Structure formats: structure tokens, C-alpha cells
Amino acid sequence: MDESHAKQILEQQVLTVARAVEDKIDGEIAALDRLDLDDFEALRERRLQQLKKMAEKRSRWLSLGHGEYTEIPEKEFFVAVKASDRVVCHFYRENWPCKVMDKHLSILAKQHIETRFLKIHAEKSPFLTEKLRIIVLPTLALVKNAKVEDYVVGFDELGGTDDFSTEQLEERLAKSQVISFEGEASSYPTKSNKTKRSVHQSETADSSDSD
């Protein structure tokens, strides 16, 4: 066998091996491409389902009056808190502090469509104000799953003045988890020293709740 012939055989063997390696790599790349595509389709399908569920939720919330800051009469309070999982209800009268609270709640109602924002005239709602021990105005009753979980009474927790920011009120509501919040307040624990009051029950609550 002459040198040139041996060289041709060697080149042919190298070429055969190279093609085999190339075919193997092409096969692995194709497999990876198929896997990635399958994964992508699975993720896409899950995302579409999530978006569909969120759209259904938003539609239901809007049908219940979420996204707006609405005044209701006393008799509609029970229907409202049964229909919506989370409710912020402002008990007010016609004075400057309550108007300040109105301004911030009007903004938050549009930003937090997951929660219904309501206001009730305290002086026209004797049954509710007595049942929920509403004394100081403004008072926000924070309701989750038809139970008053917490209160924001006056401005004491908002800096003690009427020039608090909407963000301060937002963080305070997030502490009680009555709104969803991406900021730092979302990690705060819910107050556990408050006695929960079910709006389905007729008995009076412990007096410590209105402190």
C-alpha cells in the first residue's frame, strides 16, 4: 500500500467519524429543540390559563363594583362583604378628616381592583356603628371573608396628621392583607390581637376591638 493510498483511507475514516459525530450532535440538537419547544408550549398554555383566570376574576370584580370608591346605605353592607373577599369600608361623617380619607381611598380603589372600597355615613347607620363599635371618625373597617379583621382609626397610624401620603395608607392596608401589595408591607404580619367579628353573627364584639 503506497503512502498516498494510506492517506486516502485515513482521510476517509476521519471523514466517516466526523460525519458520525456531526449526525449525533445534530440529533441531540434536534432533541433539545423539540424539548424546548414542548416546554415552551407547556409554559405558554399555563400562562394562557392564568391570564384567562385573571380576566375572569377582573370581570367578576368589576361586576361587583370593584375599581370604584362607592357610598352605600347601611342595609347593603352585609351583601357587599359576602360578595367580595376583601373590603375596605370607610365610616365617615361630613368633616375635613373624612374628606382627606376619601381622597386617598378614591386613588387606591382604582389601583387595587382586587379589593372593594366602600364608604358608609356613620350617623345614618346606627345599627352598624353600634355593632362594629365605631366611635372615632374616620374609621376604616378592614373586612376579609365577611369578617372585620382590623381597623384603621383616625390618623394615629398614619403619622398623626392629615398630610399623610396615599402610599402610607396603602402600606397600612397591606399590613392587614386586605389589599395585595408588591412593596415591603406585603411581608408584614397580620395583627393577631384583634378579635374577629363575623358580620353573619348578631352578638356584640369584645370592646377591645374598638380601642
Side-chain angles (χ1 to χ4, degrees), residues 66 69-109 111-112 114-181 183 185-211:
H66 292 225
Y69 179 44
T70 311
E71 181 166 2
I72 61 171
E74 179 181 55
K75 63 182 180 180
E76 292 184 15
F77 176 78
F78 300 98
V79 175
V81 299
K82 290 176 184 177
S84 298
D85 293 336
R86 295 186 285 191
V87 176
V88 174
C89 187
H90 175 203
F91 286 86
Y92 82 100
R93 66 169 170 247
E94 297 296 339
N95 62 16
W96 171 250
C98 291
K99 291 183 185 300
V100 170
M101 189 65 78
D102 281 340
K103 178 186 71 173
H104 296 294
L105 292 175
S106 295
I107 295 171
L108 291 176
Q111 294 177 349
H112 291 277
E114 73 277 4
T115 301
R116 189 166 186 197
F117 286 78
L118 303 172
K119 61 185 298 187
I120 290 179
H121 198 297
E123 293 173 345
K124 297 178 182 179
S125 309
F127 172 76
L128 270 181
T129 53
E130 181 179 355
K131 176 179 177 59
L132 301 180
R133 306 288 181 88
I134 305 296
I135 299 173
V136 176
L137 300 176
T139 287
L140 305 184
L142 311 183
V143 186
K144 291 171 57 182
N145 300 316
K147 295 181 184 294
V148 178
E149 298 274 358
D150 202 358
Y151 292 89
V152 179
V153 180
F155 299 156
D156 288 348
E157 296 182 73
L158 303 169
T161 65
D162 61 8
D163 62 351
F164 62 91
S165 68
T166 302
E167 289 73 22
Q168 283 177 284
L169 179 57
E170 183 180 34
E171 289 195 11
R172 175 59 186 86
L173 298 181
K175 285 172 66 175
S176 294
Q177 299 177 357
V178 76
I179 61 172
S180 298
F181 189 48
S186 61
S187 63
Y188 294 168
T190 305
K191 287 189 176 182
S192 59
N193 61 336
K194 297 285 186 180
T195 302
K196 297 179 183 179
R197 303 181 195 172
S198 171
V199 297
H200 302 300
Q201 298 172 353
S202 59
E203 66 266 27
T204 58
D206 185 87
S207 60
S208 63
D209 285 359
S210 59
D211 292 343

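Just so you know, these numbers come straight off a predicted model, no measurement behind them.
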Is there side-chain contact between [X] and [Y], with at least one heavy-atom pair below 4.5 Å?
X: Y69; Y: H90; answer: yes
X: L169; Y: M101; answer: yes
X: L118; Y: V88; answer: no
X: F117; Y: V87; answer: no
X: I72; Y: I120; answer: yes

Say whether, by atom type as modelled, one donor and one acceptor occur between the side chain of [X] and the main chain of [Y] under 3.5 angstrom.
X: E74; Y: L128; value: yes
X: E130; Y: F127; value: no
X: T115; Y: V178; value: yes
X: H112; Y: S180; value: yes
X: E114; Y: I179; value: no

Would [X] and [Y] count as having a side-chain donor-acceptor pair, cut-off 3.5 Å?
X: E94; Y: H121; result: no
X: Y92; Y: D102; result: no
X: S84; Y: H66; result: yes
X: R116; Y: T70; result: no

Roughly how far, to the nearest 0.5 Å, is the [atom2] atom of [Y] from the [atom1] atom of [X]?
X: E170; Y: K175; atom1: CD; atom2: NZ; result: 14.0 Å
X: R133; Y: I135; atom1: CZ; atom2: CD1; result: 8.0 Å
X: K131; Y: F77; atom1: NZ; atom2: CZ; result: 9.0 Å

query = side-chain contact (heavy atoms from CB on, under 4.5 Å) with F91: which of L140, L132, V136, V153?
reply = L132
Contact summary for P138 and F155, nearest pair of heavy atoms = CG-CE2, 3.9 Å
remark   = Nearest heavy-atom contact between T129 and A122 is CG2-O, 3.4 Å
ask   = Is it true that K144 and D85 make a salt bridge, defined as a side-chain N closer than 4.0 Å to a carboxylate O?
value = no
task = Run the salt-bridge test on R172 and D150 with the 4.0 Å N-O cut-off and return the result as yes or no.
result = yes
